[in-house]
Amino acid sequence: MKKDISGYFSALKGLFDGVAVTGTGAKEYGFYEAVEKAVRTLTESASRGGKVLFIGNGASASISSHMAIDFWKNAGIRAMAFNDSSLLTCISNDFGYKHV
């Protein structure tokens, strides 16, 4: 079992190491540097009263709703998920499906 666990976490580390992150001006960041920058950006925005918007489609819509609740409940960061079915069908009907 120890071998399986070690293999799993080695594979997971390989995935993280293989993530390519770019920012403004195509500046490249390492994975851990990018996570640190994202956390800093979120906390600074939250301290100024900002809000995080999560967007998902299909199963990702459920994940985005869950993340919005977690950010609000656990981190005290205002957040919402842009996947409300009434909102999406309203926009589709009023402005066209290409805008959803």
- Query: If you count the non-hydrogen atoms of other residues, nucleotides and ligands that lie under 6.0 Å from NZ in K27, is the total more than 12?
  - Reply: yes

- Item | ring-ring contact (aromatic ring centres under 6.0 Å, His included) contacts touching residues 34-77 (sequence neighbours left out) | F54-F71

- Could you state the interatomic distance from OG (S10) to CG (L15), rounded to the nearest 0.5 Å? 11.0 Å

- Message: Can you give me the closest heavy-atom contact between A68 and A81, atom names plus distance?
- Response: CB-N, 3.8 Å

Would you list the atom pairs, donor with acceptor, under 3.5 Å between side chains in residues 40-53 and any protein atom, with sequence neighbours excluded?
| unit_1 | atom_1 | unit_2 | atom_2 | d |
| --- | --- | --- | --- | --- |
| R40 | NH2 | E36 | OE2 | 3.4 |
| T41 | OG1 | K37 | O | 2.9 |
| T43 | OG1 | V39 | O | 3.0 |
| T43 | OG1 | R40 | O | 3.1 |
| S47 | OG | E44 | O | 2.7 |
| R48 | NH1 | E44 | O | 3.4 |

- Is N57 atom CG crowded by more than 12 heavy atoms from other residues, nucleotides or ligands, each under 6.0 Å away? no

- Task: Find out whether V21 and V19 are in side-chain contact, i.e. whether some heavy atom of one side chain is under 4.5 Å from a heavy atom of the other.
- Result: yes

- Note on the structure: So CG of D70 and CD1 of I63: to nearest 0.5 Å the spacing works out to 11.5 Å

- Which pairs pass ring-ring contact (aromatic ring centres under 6.0 Å, His included) with one or both residues in residues 13-52, sequence neighbours excluded? F16-F31

- Item | Spacing of OG belonging to S65 relative to CE belonging to M80, to within rounding of 0.5 Å | 9.5 Å

- Query: Closest approach of S64 and G56, non-hydrogen atoms and distance?
  - Reply: OG-N, 3.7 Å

